[in-house]
Amino acid sequence: MNGIDFTKKMLRDDALKGKTIIVTGGGSGLGKSMTSYLMELGANVVITSRNLEKLKKVATELESTYSSKCLPLACDVRNIEEVEAMHAKAIETFGKVDVLLNNAAANFISPTERLSANAFDTIIDIVLKGTKNCTLTVGKHWINTKQTNTSVLNIVTTYAFTGSAYVVPSATAKAGVLALTRSLAVEWAKYGMRFNAIAPGPFPTKGAWDRLLPEDIREQFDLTKKVPLRRVGEHQELANLAAYLVSDFSAYINGEVVTIDGGEWLQGAGQMNLLQQIPEKLWDQLEAAIRSKKRG
Ligand code: HXC
Ligand code: NAP
């Protein structure tokens with residue numbers, strides 16, 4: 001790509017030194033990739049999910065690589081008591097939290113009519129209620145302690161603004177998270193907080209691929225073909241963007257949702273985008289045919 005290596009690290013080494021960041025779902029997939037880069041940039045990171053064993057392994061691995069700290073804490077984001085206990089432990093360990101990165105999520109493909117009420121609730125509870133639980137807990141503490149220069153970064157998806165069939169609970173919940181992001185960006189700015197979101201396109205992870213692209217349909221639904229740039233995302237590209245949005249370099253960015261999808265959702269949205277399939281050599285013939293149509 002013209003000598004540009006988009007997998008390179010973007011920010012300078014100490015860009016996040018002195019910051020403490022909570023990453024929900026930080027033990028796997030994109031959460032782990034973001035955590036790794038945030039630590040490399042000097043931040044101490046609290047990683048949380050339901051699986052403490054997995055988190056401990058990741059914390060040990062990352063602490064052996066970087067000089068900053070990684071605190072693994074079990075916490076089901078659906079449960080407000082667990083969220084409050086996780087937050088209290090983070091404060092006890094690091095003295096303060098500067099950034100909340102709401103990354104934990106759940107999803108699976110299914111025709112909506114096959115879903116039980118509990119299946120729908122499970123996704124809404126993890127994605128929307130989980131984000132709300134963490135945001136309220138951390139945000140109220142920032143207000144009560146008058147801590148400023150804080151921020152919340154929410155990971156949504158592009159179908160948060162377009163909607164999508166077959167992932168309706170996830171689309172509904174992510175749309176709610178986006179509304180929360182934009183609403184609090186205005187309401188809580190006076191407390192020195194910023195709220196932003198990232199809408200990723202396809203970034204291969206085990207969690208997402210197992211549930212959204214099961215082996216049986218993987219070949220048929222080649223995601224690279226849906227992306228104008230003809231590739232999926234590299235984890236470091238997302239980590240670079242996340243690190244920037246939680247760093248002081250983005251201090252004037254508030255209420256923004258940044259799409260990082262190689263143009264995927266726009267390609268799907270434009271009615272005539274499918275004309276890309278027309279071979280170049282056919283355009284002379286098509287143009288002549290169209291020009292030949294006279295008025296009236
Ligand atoms: C229909 C299903 C189902 C399926 C579970 N259920 N899987 N219904 N189709 N494939 C139903 C169950 O029968 C049950 O309802 C209810 O959902 C809860 O299921 P549990 O297994 O009890 O829930 P739990 O143990 O809490 O697990 C949650 C989970 C699981 C969502 C089912 O997959 C999970 O833990 N996921 C976390 C990780 C994840 O999903 N990562 C992907 C993020 S990717 P009943 O009525 O029977 O009790 C992502 C990408 C976005 O978000 C955009 C990409 C382009
Ligand atoms: P993933 O590895 O499955 O990540 C989901 C994480 O959420 C896991 O670490 C999981 O850990 C945690 N989690 C699930 N339920 C939880 C709960 N109740 N409480 C606490 N933690 C919980 O998938 P991923 O692809 O990296 O997804 C990360 C984020 O990116 C999600 O917000 C997802 O919607 C978004 N995203 C991903 C893609 C993509 O292409 N990969 C595209 C668009 C958006 P435990 O199971 O241990 O609890």
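In each ligand, atom 1 is the first atom listed, and ligand 1 is the first ligand listed. Just so it is clear, the values below take in all heavy atoms, side chains as well, and ignore hydrogens, waters and symmetry mates.
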What's the shortest distance from atom 26 (O) of ligand 1 to any protein heavy atom, and which residue and atom give it?
R78 NH1, 3.2 Å

Using a 3.5 Å cut-off on N or O atoms only, is Y159 in polar contact with ligand 1?
no

Would one find an N or O of T157, backbone or side chain, under 3.5 Å from an N or O of ligand 1?
no

Examine the proximity of ligand 1 to R211 and report which part, side chain or backbone, both or neither, has a heavy atom under 4.0 Å away.
side chain

For ligand 1, note which part of R50 has a heavy atom under 4.0 Å away: side chain, backbone, both or neither.
side chain

For atom 5 (C) of ligand 1, the closest protein heavy atom turns out to be F108 CE2, 3.6 Å

Could you see which bit of L212 sits under 4.0 Å from ligand 1, with heavy atoms only: side chain, backbone, both or neither?
side chain

At under 4.0 Å between heavy atoms, which part of E264 makes contact with ligand 1: side chain, backbone, both or neither?
neither

Of G207, A106, G25, which has the heavy atom at the shortest distance from atom 31 (C) of ligand 1?
A106

Side chain to side chain donor-acceptor pair (under 3.5 Å) partner of Q267, the single match among K225, K226, Q276
Q276

If you measure from each non-hydrogen atom of I123 to ligand 1, which part falls under 4.0 Å: side chain, backbone, both or neither?
side chain

K174 N/O to ligand 1 N/O under 3.5 Å
no

For ligand 2, the residues whose heavy atoms come within less than 4.0 Å (ordered by chain, then number):
G25, S28, G29, L30, S49, R50, N51, K54, C75, D76, V77, R78, N103, A104, A105, I126, I155, V156, T157, K174, P200, G201, P202, F203, T205, G207, A208, W209

